[in-house]
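First comes the structure, then the notes that go with it.
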Amino acid sequence: MEKSCKISKFFILCVVLGVLSVATIVTLWAIALTDSVEIVAPWDKYRLPDTLKPDHYNLTLWPRLTVNAQGLYIFTGKSYVVFQCVKETDLILIHSNKLNYTKWGDDHLAKLSALGSTPAPTIKKSWLQPTTQFLVLELNGKLAVGESYQLDTVFVGELADDLAGFYRSEYEEDGVKKVVATSQMHPTHTRKTFPCFDEPARKAVFHITLLHPRGTVALSNEIVNATVYTEAVTQTRFEPTKSMSTYLLALIVCDYSFISAREGDILIRIWARRKSISEGHGEYALNLTGPILSFFEVYYNTTYPLSKSDQIALPDFYFGAMENWGLVTYRETNLLYDPLTSSNGNKERTATIIAHELAHMWFGNLVTLRWWNEVWLNEGFASYVSYLGADYAESTWNVKDLIVLDEVHRVFAVDALASSHPLSSKDDDIQKPEQISEQFDVISYSKGASVLRMLSDFLTEPVFVQGLSVCISYRPKAVDASDMELPGTVHDIMNRWVLQMGFPVVTINTATGLITQKHFLLDPDSVGSVPPSDFNFTVMNSFPPSALNNKLTSGHWVLANINVTGYYRVNYDLGNWERLLFQLSTNHQVIPVINRAQLVDDAFNLARAKLIPTTLALKTTKYLSKEIEYVPWESALNNLDYFYLMFDRTEVYGTMQHYVRNLVTPLFQHFKTITADWSKVPDGHNEQYNQVNAIRMACSSGLVECQNLTKSWYSQWKADPDNNLIHPNLRMTVYCSAIAAGGAAEWDFGWDMFKTATIASDADKLMSSLACTKDHELLNKYLRYTLDSDKIRKQDATSVIVYISSNVQGQTLAWDFNTFSFTPMTWGILQKFKEDNSKIGFGSGTLALEQAIERTTANIKWVDENKKKVWDWFLSEIA
């Protein structure tokens with residue numbers, strides 16, 4: 001028996017080992033066949049699973065506006081979320097970032113309870129997953145489909161000054177430091193405030209309660225439901241919100257005051273520092289908001305969805321503004337307007353930004369994108385209709401014309417790069433928070449606006465608006481466009497603009513009648529690095545060989561893309577270019593003003609792409625000595641800025657300065673005349689802009705009369721700091737010119753005025769102008785100030801560095817200060833920077849770095865090929 005027993009054990013051991021060996025071989029074989037596919041745990045993925053659907057949150061927060069024993073500002077909170085199980089699961093993933101949780105009696109980070117008759121499974125394990133920003137709960141059983149559950153948490157977070165989530169902003173009023181608890185949830189920072197399903201499609205209702213010091217005001221998306229006062233704190237409870245995305249939540253505790261008005265049943269309030277309100281700086285925004293809301297109600301054919309529209313100006317705010325539903329947050333410069341110190345540019349920016357944010361109240365908030373790969377629909381649309389809303393409110397400005405300069409030309413510069421990207425991306429390509437942040441770029445905003453403007457033009461605005469109304473109202477109703485003839489469905493037409501990057505150049509040969517199109521690239525040598533397109537980079541139907549049927553008689557010219565409603569550039573045969581140039585030189589007003597700007601911008605960029613001679617582009621500027629309109633001048637100066645950047649350290653610079661001085665002197669004299677020797681302001685909105693251009697370029701190109709003028713104005717202010725007689729429109733230009741021509745005394749005075757400025761818009765003008773000095777020591781000092789938030793606010797530090805890098809004298813200094821200088825000399829440094837930091841990665845700056853390298857590569861080649869030609873041309877023109 002004993003031997004038999006031993007044999008049996010040995011046999012069993014052999015069998016077990018054999019099975020294990022076979023299993024090991026099979027496993028290894030399977031791994032090899034599946035090419036080492038890695039199984040990723042759900043909590044290591046960045047997207048939420050589709051198992052749970054939030055219904056509502058109940059959130060109570062208490063921000064502490066004084067430091068605790070550890071020297072920190074904090075907030076405490078408790079919340080619960082009610083959600084429904086839509087797919088059976090034993091796992092709860094909910095977003096959480098930088099929150100510290102109080103453990104419950106079972107030693108877990110949350111408490112789960114069932115709201116139906118079926119008991120909730122107990123929690124097996126709970127932990128935080130910092131990389132993917134999840135609170136993870138593994139359960140001992142499955143959640144039942146169709147059942148509702150409640151998840152409770154208690155937590156603490158830091159009320160930091162990082163401009164994200166629930167954060168702290170500070171300012172000084174009458175010598176007293178004030179602290180504001182405010183929020184920026186967009187796009188992925190709600191999870192830094194409380195645990196939530198932080199994706200735009202996971203809409204829910206929010207029940208908000210804020211505890212705050214007595215004497216302060218609490219604000220959120222909805223109106224106040226009840227207020228309870230105790231000795232220590234005030235408790236403010238708000239009405240439940242509409243069902244909305246987490247990123248639209250707003251929470252603020254402040255010591256502000258407000259002004260109010262009503263537009264029908266809508267309560268409109270403008271909130272700001274008490275002094276700003278008492279001095280009337282919120283009046284313009286208040287007067288503007290009602291008409292813009294009324295315009296959009298008609299435009300969308302849908303009433304405003306809420307009972308109130310709060311707008312608040314914050315001292316520290318990362319973005320220009322944020323469309324939180326019912327409580328829009330702004331940088332102070334973008335909401336407040338002081339007629340005594342703010343320029344017409346400040347006024348226009350306030351109008352267009354208010355219109356942009358209020359447009360979101362319907363498109364973006366009521367109707368919301370499912371995921372961040374379609375940001376362009378949200379931001380591009382709001383950017384486009386902001387011009388319509390501002391034009392309605394300020395009908396004499398002709399602000400709709402400025403979309404060509406501010407959006408179309410602006411985005412052309414980026415979308416002509418091989419490193420550009422389509423408007424729409426695949427869901428799977430946008431996963432991480434930094435990838436989401438990267439979507440909020442000039443492509444989404446400005447190309448989105450430009451393409452939608454084009455769509456509205458070829459559909460006609462009434463048809464476009466009718467389709468939009470259907471979308472907003474959720475009605476599955478077809479838009480009636482039966483009287484329109486389109487070359488395909490709107491879907492098919494728009495896919496070519498949305499799903500592929502870039503835009504075409506359409507070439508018209510007036511000698512043969514041939515019209516062709518191809519992908520436009522600033523650097524034609526980069527074509528090999530352009531990713532393939534399913535549409536082969538065509539956006540329009542092919543043209544027949546003789547699309548231009550009528551051959552032109554001598555002296556006649558063709559002009560395409562009238563008012564630049566199409567998102568493309570236009571090139572012509574040299575004969576047609578020469579006829580257009582002749583028309584500009586003899587009677588430029590025959591050509592529409594926007595197209596005069598287009599001819600200049602197209603020519604300069606076609607030249608950079610080697611499609612026409614550079615000297616031909618330069619010839620488009622010669623007629624400007626007779627031009628007084630703002631849009632063509634601004635287009636030309638934007639393009640000449642590129643030449644300044646490329647040639648500022650070469651022998652070309654002096655001759656170019658001479659040419660520009662000759663060109664701008666008639667414009668300078670024109671404005672001197674119509675303003676009665678600078679004693680009054682031009683009448684038109686764009687005239688006022690062009691007066692600034694005239695003074696800026698006359699002074700910077702060395703016109704002595706201009707330099708003496710600005711120095712005298714600045715000296716008068718310096719002698720009497722409490723009495724600044726420089727008109728607000730001209731202040732930035734005058735400050736910059738005087739500081740550039742002066743020394744430490746002029747700079748120090750500018751700095752003192754910046755630090756004591758009580759109006760944000762005037763402080764902004766000084767902040768920009770201080771970077772104009774040519775003194776390296778002063779520029780280095782200014783750069784160091786960006787590291788001290790007591791001197792330069794965190795939100796402004798990047799702007800100051802950019803201002804300094806835009807100054808020829810400051811480019812190298814800014815680079816040494818760990819920022820980019822985009823001159824031709826930096827290509828090697830950029831490449832080395834990329835290589836040295838490739839393992840770390842660049843987060844949301846990855847695409848910007850690729851574009852910087854591509855631009856710099858193209859710039860080097862362009863300078864090598866064009867320097868002598870450009871110099872010779874300028875020499876011939878000033879001879």
Side-chain angles (χ1 to χ4, degrees), residues 184-189 199-201 245 247-248 318-324 334 352-353 355-365 367-389 403-456 468 471 494-503 531 533 539 567-568 842-852 854-855:
Q184 173 57 36
M185 307 302 189
H186 181 279
T188 58
H189 301 309
E199 293 186 356
S245 302
Y247 76 85
L248 295 173
Y318 183 76
F319 295 98
M322 176 60 209
E323 67 268 18
N324 314 301
N334 293 335
T352 54
I353 289 185
H356 180 110
E357 303 310 323
L358 295 182
H360 278 306
M361 299 300 110
W362 290 265
F363 204 91
N365 298 5
V367 178
T368 309
L369 50 84
R370 189 181 63 83
W371 183 239
W372 300 111
N373 62 313
E374 301 289 2
V375 162
W376 78 272
L377 268 175
N378 200 2
E379 298 300 345
F381 182 81
S383 296
Y384 167 56
V385 299
S386 69
Y387 289 88
L388 309 186
I403 195 171
V404 174
L405 289 174
D406 297 342
E407 310 296 342
V408 181
H409 287 179
R410 177 172 175 242
V411 72
F412 271 170
V414 174
D415 209 21
L417 300 176
S419 52
S420 184
H421 64 87
L423 280 170
S424 181
S425 306
K426 295 178 181 177
D427 279 27
D428 293 342
D429 292 342
I430 313 298
Q431 297 285 316
K432 301 177 181 179
E434 57 266 30
Q435 292 172 328
I436 293 169
S437 296
E438 204 173 40
Q439 296 305 297
F440 294 87
D441 65 356
V442 68
I443 296 294
S444 293
Y445 283 79
S446 296
K447 182 175 182 178
S450 303
V451 167
L452 288 169
R453 173 174 173 261
M454 177 177 64
L455 174 64
S456 172
L468 184 65
C471 175
M494 291 305 292
N495 273 350
R496 294 174 177 269
W497 299 96
V498 172
L499 300 180
Q500 64 179 342
M501 59 180 263
F503 59 90
S533 164
V539 291
Y567 186 71
Y568 55 88
F842 303 97
S844 59
T846 302
L847 185 58
L849 178 61
E850 292 296 334
Q851 291 171 351
E854 184 183 346
R855 279 175 169 171

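Basis for what follows: all heavy atoms, side chains included, without hydrogens, waters or symmetry-related copies. The residues of the chain are indexed from 1 along the displayed sequence.
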Subject >> pair F503-S450: side-chain heavy atoms closer than 4.5 Å >> reply: no
Original post:
Just by modelled atom types, is the I430 backbone N or O under 3.5 Å from a matching donor or acceptor in the N373 side chain?
Top reply: no
**OP:** State, with a plain yes or no, whether a side-chain heavy atom of E199 is found less than 4.5 Å away from one of R370.
**Re:** no
**OP:** Look at atom OH of Y318 and say whether more than 12 heavy atoms of other residues, nucleotides or ligands are closer to it than 6.0 Å.
**Re:** no
**OP:** Check step by step if side-chain contact (heavy atoms from CB on, under 4.5 Å) holds for V404 and R453.
**Re:** CA-CA 10 Å; V404 174; R453 173 174 173 261; 3.8 Å; yes
Subject >> Expected output: side-chain E438 to main-chain E434 donor-acceptor under 3.5 Å >> reply: no
**OP:** Mark yes or no for whether S383, through its side chain, and E379, through its backbone, hold a donor-acceptor pair below 3.5 Å.
**Re:** yes
Original post:
Does any non-hydrogen side-chain atom of P422 lie less than 4.5 Å from one of M501?
Top reply: yes
Subject >> Closest approach of V385 to A359 (non-hydrogen atoms, all atoms of both residues) >> reply: CG2-CB, 3.4 Å
Original post:
In Å and rounded to the nearest 0.5 Å, what is the CD1 to OG1 distance from I436 to T188?
Top reply: 5.5 Å
**OP:** Might you work through the side-chain contact (heavy atoms from CB on, under 4.5 Å) test for W497 and L455, ending with a clear yes or no?
**Re:** CA-CA 10 Å; W497 299 96; L455 174 64; over 6 Å; no
Original post:
Is there a side-chain contact between M322 and L248 (heavy atoms, below 4.5 Å)?
Top reply: yes
Subject >> Side-chain heavy-atom pair M494, V451 within 4.5 angstrom cut-off >> reply: yes
Subject >> H360 side chain near N378 side chain, heavy-atom distance below 4.5 Å >> reply: yes
Original post:
Of all heavy-atom pairs between D415 and H421, which one has the smallest distance, and what is that distance?
Top reply: OD1-O, 4.3 Å
Original post:
Taking the side chain as C-beta and beyond, is there a heavy-atom pair between K447 and W376 under 4.5 Å?
Top reply: no
Subject >> Spacing of T368 atom OG1 and L377 atom CG [to the nearest 0.5 Å] >> reply: 12.0 Å
Subject >> Interatomic spacing from CZ in F381 to CG in L468 - rounded to 0.5 Å >> reply: 4.0 Å
Original post:
For the residue pair P200 and S245, what are the closest heavy atoms and their distance?
Top reply: O-OG, 2.6 Å
Subject >> Over all atoms of both residues, closest heavy-atom pair of E357 and M361 >> reply: O-CE, 3.2 Å
Under 3.5 Å, sequence neighbours excluded: what are the donor-acceptor pairs made by side chains of residues 407-414?
residue: E407; atom: OE1; partner: S446; partner atom: OG; Å: 2.6
residue: E407; atom: OE2; partner: Y387; partner atom: OH; Å: 2.7
residue: R410; atom: NH1; partner: S446; partner atom: OG; Å: 2.9

Subject >> Test item: side-chain donor near acceptor, H356 and E323, under 3.5 Å >> reply: no
**OP:** For E374, enumerate each residue passing the salt bridge (Lys or Arg N to Asp or Glu O under 4.0 Å) test, keeping only those at least two apart in sequence or located in another chain.
**Re:** none
Original post:
Is a side-chain donor or acceptor of S424 paired with a backbone partner of V498 at a separation under 3.5 angstrom?
Top reply: no
**OP:** Can you sort out the partners of H186 under ring pair (Phe, Tyr, Trp, His ring centres under 6.0 Å), two or more places apart, ordered by chain and number?
**Re:** Y247, W372, F440
